[in-house]
Amino acid sequence: METVEHHRSEAGTHGFRTGSLRIFLTADACYLLLVFGWMLAMRPLGRDFPLLARPDRIGLVPGRLLASMTGLFGGWAPGYVLVNLVLLFGCMALLILLTRRLTGGPWWLGSVAAVLFMANPIKTEAVLSFAGVGDLLTGFLALLCLQVYAWSRDKAGRRYRLLPLGVYLAGVLITPDLLPMFLVLVPFEWTFFRKIPGCGKRLRPIVIVGLIAFLISGRWALPGAFSPARVLVPLYLVLYPLGMLPGNVAFFGRWPLLGAVCAVVVLAAVLGLMRKINHPLVTFGLLGALAWQLLQGHHAVDPVTLENGGKMLVPAALIAVAAAGLFHAMMHHPRWRPSVVRLSTLLCVAAMLCQGWVNWHWLQAGRLVSRFQAAAAETARQHPGRPLALVPDLHHVGTAPVYLGQAVRHNTPFSTSLPVIAVAEISVYPPVDIQVESHSRETSVISVGRPAVPPMVRPRPLSQDWWRNRYRSPDHIRLELRAREAPFPEAYIPYP
């Protein structure tokens, strides 16, 4: 592996102009506005309402920040999205600076990493959720830790040696989700700085403090804390951030050994790629993402709906750094050097189109929630003081967490609490097609189009029908629900 100084000495030797930081920051701001600017029209989704009602649930400092936003913006929705975009741009700026510091290459390499990170749909929940400020703050502080660590690593003196520890401690106090950062710094030190004298003097105190904090936090005792599936599957979703089909998830659930074999093959391929490229930025980006995820098993990311995908902000950034390292390695290869700019541009454009497609569905989901709130308010006006049935409670539309029941159970600047009882829960793929065929206090019959459930019929494994149906969800299902412990509310909220 090579050191930072080695890469700086090679910068510019192949005719690539380094460019200007101001130009690329401006360009990346334009890309950000192109992809997310129109999302200022976004409305809050169901998962936002309980957090807007109780901001302390996302942590002390992030909660106070969200409470301040609620007091400042009230029911003005663009303000919440604007704060998230400012934090997202801060992460992009830190990625540009970090990539430049670690490679000494042109500024556009950092811009590529920033755009790939910005346009990765896995972190959509953090950007478009009104309460996503906690995840964005964690990502910003994580990248700041890396930047401070790299900056101070070249300098001598006690204050520079203790500065990374101070930044890490302050970050953990601000948002405890930053705790796994001590493990990310291990491959960071080993990849870039192990040949510099004094290896370990900065890292050792951070690792000791991080391990103690991790043990005290009790996260290691939470269910699934070290589950291989919870650690590795989210990393796959960073590379394929559109979610898996329910049939595929059910298939691997029935055949876990096959899933383990696939994981081993993929890990072997990644290790082979790292050895082949032999670039420190690629090595650190991939190992750093894995190191972060090793302590994040308690945050389960749903492989179908990408729920909790906002927790993958740091791995998404580190894998984007690895992609920049790949392009930096290609710059030094005579065969690939002429195609570097073209290939990186195509990848960035593809990522932005993908993020734009996801944004559109989130925007439509926000409008659906607003229409449902209006329908619920009208139904409550027609049946004052009576409980209302929600048949069914729609949780996800694609990857958008609508959670219609939560949208009418809390008093926030965007909602009023109503006596709503969910009769059933379901997720669907867009467009939403739900019809209540009949409803009474004993039974409710509903028709659901494009439900996000595995196929009902299981063909013989490896048969032609098995391959055809494994990638499809049923186009339509009919559900007959019967009251058990208590009768259903007579009045129900119609779908808009």
Side-chain angles (χ1 to χ4, degrees), residues 29 32-59 62-91 118-119 121 123-137 139-140 306-307 309-310 313 355-378 380 394-418 420 430 432 493 495-496:
L32 176 66
L33 292 177
L34 178 64
V35 175
F36 284 103
W38 50 293
M39 297 306 292
L40 291 175
M42 182 72 190
R43 302 294 299 174
L45 298 184
R47 289 193 68 190
D48 292 325
F49 294 98
L51 298 179
L52 289 171
R54 289 282 307 278
D56 57 292
R57 292 181 179 179
I58 64 173
R64 290 192 175 184
L65 177 58
L66 180 59
S68 299
M69 292 164 57
T70 303
L72 178 63
F73 301 128
W76 188 59
Y80 299 83
V81 180
L82 190 60
V83 171
N84 289 355
L85 294 184
V86 169
L87 282 172
L88 180 61
F89 182 71
C91 294
M118 176 269 295
K123 51 101 189 73
T124 303
E125 182 180 280
V127 181
L128 297 185
S129 294
F130 284 30
V133 64
D135 293 330
L136 287 166
L137 191 59
F140 179 83
L306 302 184
E307 185 172 350
L313 205 74
Q355 181 68 69
W357 179 79
V358 173
N359 287 354
W360 170 254
H361 288 293
W362 276 63
L363 186 63
Q364 297 306 310
R367 292 172 177 173
L368 170 66
V369 171
S370 296
R371 293 196 301 270
F372 173 78
Q373 288 178 310
E378 177 61 22
L394 186 59
H395 278 195
H396 286 85
V397 179
T399 61
V402 292
Y403 284 89
L404 294 183
Q406 298 291 348
V408 290
R409 288 196 181 108
H410 302 276
N411 289 314
T412 73
F414 301 95
S415 63
T416 301
S417 177
L418 299 175
V420 173
V432 177
I493 305 172
Y495 268 81

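Starting from 1, each residue takes its place in the sequence as its number.
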K.L.:
At their closest point, which heavy atom of Leu137 faces which heavy atom of Pro62, and how far apart are they?
P.N.:
CD2-CG, 4.2 Å

K.L.:
In the structure I gave you, are the side-chain heavy atoms of Leu136 and Leu313 within less than 4.5 Å of one another anywhere?
P.N.:
yes

K.L.:
Counting only heavy atoms not in Arg371, do more than 12 fall under 6.0 Å of its CZ?
P.N.:
yes

K.L.:
How far does OG of Ser129 sit from CE of Met42, to the nearest 0.5 angstrom?
P.N.:
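Answer for the OG-CE pair, Ser129 versus Met42, is 7.5 Å.
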
K.L.:
Any side-chain heavy atom of Thr416 sitting closer than 4.5 Å to one from Asn411?
P.N.:
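A side-chain contact under 4.5 Å exists here.
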
K.L.:
Could you tell me which non-hydrogen atom of Ala365 sits nearest to which non-hydrogen atom of Val402, and how far apart they are?
P.N.:
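Answer, listing the atom of Ala365 first, then Val402: CB-CG1, 3.6 Å.
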
K.L.:
Shortest non-hydrogen contact from Val358 to Pro121?
P.N.:
CG2-CB, 3.8 Å

K.L.:
In Å, rounded to the nearest 0.5 Å, how long is the span from CG of Leu368 to CG of Leu363?
P.N.:
11.5 Å

K.L.:
Which heavy atom of Arg43 sits nearest a heavy atom of Ala77, and at what distance?
P.N.:
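Closest approach of Arg43 to Ala77: NH1-CB, 3.8 Å.
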
K.L.:
How would you list, by chain and number, every residue that makes a side chain to side chain contact (heavy atoms under 4.5 Å, CB included) with Leu32, sequence neighbours excluded?
P.N.:
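In terms of side chain to side chain contact (heavy atoms under 4.5 Å, CB included), with neighbours along the sequence ignored, Leu32 is linked to Phe36, Leu85, Leu88, Phe89, Met92, Met118.
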
K.L.:
Can you tell me how far CD1 of Ile493 sits from CD of Glu378, rounded to the nearest 0.5 angstrom?
P.N.:
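It comes to 11.5 Å.
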
K.L.:
Under the ring-ring contact (aromatic ring centres under 6.0 Å, His included) rule, collect the residues that match up with Trp357, sequence neighbours excluded.
P.N.:
His361

K.L.:
May I ask you to decide if Gly74's main-chain N or O and Tyr80's side chain share a donor-acceptor pair within less than 3.5 Å?
P.N.:
yes

K.L.:
Is there a donor-acceptor contact under 3.5 Å from the side chain of Thr412 to the main chain of Ala53?
P.N.:
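Side chain of Thr412 to backbone of Ala53: no pair is present.
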
K.L.:
In chain order, what residues pass the salt bridge (Lys or Arg N to Asp or Glu O under 4.0 Å) check against Asp135, with sequence neighbours excluded?
P.N.:
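If we apply the salt bridge (Lys or Arg N to Asp or Glu O under 4.0 Å) test to Asp135, skipping adjacent residues, the hits are Lys311.
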
K.L.:
Give me the atom names and distance for the closest heavy-atom approach of Trp362 to Pro401.
P.N.:
CH2-CD, 3.3 Å

K.L.:
Whether the side chain of Ser417 engages the backbone of Arg409 through a donor-acceptor N/O pair (distance < 3.5 Å, no angle test) should be reported.
P.N.:
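Here the side-chain-to-backbone pair exists.
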
K.L.:
Go through the steps for Thr399 and Thr124 under the test side-chain contact (heavy atoms from CB on, under 4.5 Å), then give the verdict.
P.N.:
CA-CA 9 Å; Thr399 61; Thr124 303; over 6 Å; no

K.L.:
Residues in ring-ring contact (aromatic ring centres under 6.0 Å, His included) with Phe49, at least two apart?
P.N.:
none

K.L.:
A quick test of your reading: do over 12 heavy atoms of other residues, nucleotides or ligands sit less than 6.0 Å from CH2 of Trp38?
P.N.:
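More than 12 within 6.0 Å, yes.
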
K.L.:
Going from CE on Met39 to CG on Asn359, what distance comes out if it is rounded to the nearest 0.5 angstrom?
P.N.:
4.5 Å

K.L.:
What residues, two or more places apart in sequence or in another chain, satisfy salt bridge (Lys or Arg N to Asp or Glu O under 4.0 Å) together with Arg47?
P.N.:
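By the salt bridge (Lys or Arg N to Asp or Glu O under 4.0 Å) rule, Arg47 matches Glu125, Glu307.
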
K.L.:
Flag the pair Ile58 / Val133 as yes when at least one side-chain heavy-atom distance between them is below 4.5 Å, and no otherwise.
P.N.:
yes

K.L.:
Applying side chain to side chain contact (heavy atoms under 4.5 Å, CB included), name anything that partners Arg57, two or more places apart in sequence or on another chain.
P.N.:
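Expected list: Pro50, Leu51, Arg54.
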
K.L.:
Do you know which two heavy atoms are closest between Asp48 and Ala131, and how far apart they sit?
P.N.:
OD1-N, 3.5 Å

K.L.:
Show your working on side-chain contact (heavy atoms from CB on, under 4.5 Å) between Gln406 and His395 and close with a plain yes or no.
P.N.:
CA-CA 9 Å; Gln406 298 291 348; His395 278 195; over 6 Å; no

K.L.:
Phe130 and Phe73: aromatic ring centres closer than 6.0 Å?
P.N.:
no

